[in-house]
Amino acid sequence: HVQLVESGGGSVQAGGSLRLSCELSGNSYTSYCMGWFRQAPGKEREGVAAIYTGDGSTYYADSVKGRFTISKDNAENTLYLQMNSLKPEDTSMYYCAARAGRVIGDQLDFNVYTYWGQGTQVTVS
């Protein structure tokens with residue numbers, strides 16, 4: 001069974017950096033899409049970044065372009081989100097997600113993902 005285990009959240013001052021990690025296990029697909037999402041209290045879930053393992057294509061929300069970088073270590077099956085120049089508005093619970101195959105349409109739409117991690121809190125002050 002597919003499992004996603006996240007780590008790397010914490011508290012940081014504005015302008016600082018954090019790196020989130022998500023380890024994927026139990027995957028039986030040769031290609032899949034993985035993404036990072038965030039949801040703060042009282043707000044809708046927001047797609048942050050996604051990557052398609054078939055060709056390495058990446059996708060970013062406008063609010064994080066130039067500051068966040070999504071990447072995957074294929075040898076270890078681990079997804080990363082490098083977050084630089086963090087702002088207080090980045091404060092949220094962050095989740096990693098995965099789905100089999102390519103996403104046709106909006107890769108940052110949380111409704112198309114079928115597997116989810118437990119979430120890790122990021123707080124920027």
Tell me, please, which residues at least two apart from [X] pass side-chain contact (heavy atoms from CB on, under 4.5 Å).
| X | value |
| --- | --- |
| A50 | C33, Y59, Q107, L108, Y113 |
| Q118 | E6 |
| V64 | R38, V48, Y60, A61, R67, F68 |
| D55 | Y52, S57, R102 |

So how far is it from [X] [atom1] to [Y] [atom2], rounded to the nearest 0.5 Å?
| X | Y | atom1 | atom2 | result |
| --- | --- | --- | --- | --- |
| L79 | C96 | CG | SG | 6.5 Å |
| F37 | W116 | CZ | CH2 | 4.5 Å |
| Q82 | L18 | CD | CG | 8.5 Å |

For T123, does its backbone N or O pair with a side-chain atom of T91 as donor and acceptor, under 3.5 Å?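 Such a contact is absent between T91 side chain and T123 backbone.
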Donor-acceptor pair, T120 side chain versus Y94 backbone, under 3.5 Å?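 Judged by distance alone, no pair lies under 3.5 Å.
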Please check if Y80 and I51 belong to a single hydrophobic cluster, counting links between Ile, Leu, Val, Met, Phe, Trp and Tyr side chain heavy atoms closer than 4.5 Å.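 Different hydrophobic clusters.
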Please give me the minimum heavy-atom distance between T53 and S31, naming the atom from each residue.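 Heavy atoms only, the tightest pair is OG1-CA, 3.4 Å.
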Output all residues satisfying side-chain hydrogen bond (donor to acceptor under 3.5 Å, both in side chains) with Y32, sequence neighbours left out; order by chain, then residue number.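 Y32 satisfies side-chain hydrogen bond (donor to acceptor under 3.5 Å, both in side chains) with K72, N77 once adjacent residues are dropped.
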Could you tell me if the side chain of L20 sits less than 4.5 Å from the side chain of V122, heavy atoms only?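 The answer is yes; the side chains approach within 4.5 Å.
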Minimum side-chain heavy-atom gap M34-L24 below 4.5 Å: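 The answer is yes; the side chains approach within 4.5 Å.
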Over 12 non-hydrogen atoms of neighbours within 6.0 angstrom of CD in E89: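 Enclosed.
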Donor-acceptor pairs are to be reported for all side-chain atoms of residues 7-17 against protein atoms at under 3.5 Å, with residues two or more places apart or in another chain.
residue, atom, partner, partner atom, Å
S17, OG, N84, OD1, 2.9

Checking side-chain hydrogen bond (donor to acceptor under 3.5 Å, both in side chains) against Q39, which of E46, R45, E44 comes through?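 Going through E46, R45, E44 one by one, the side-chain hydrogen bond (donor to acceptor under 3.5 Å, both in side chains) with Q39 is satisfied by R45 alone.
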Walk me through whether D62 and K65 qualify under salt bridge (Lys or Arg N to Asp or Glu O under 4.0 Å). CA-CA 5 Å; D62 289 341; K65 287 181 179 178; 3.1 Å; yes
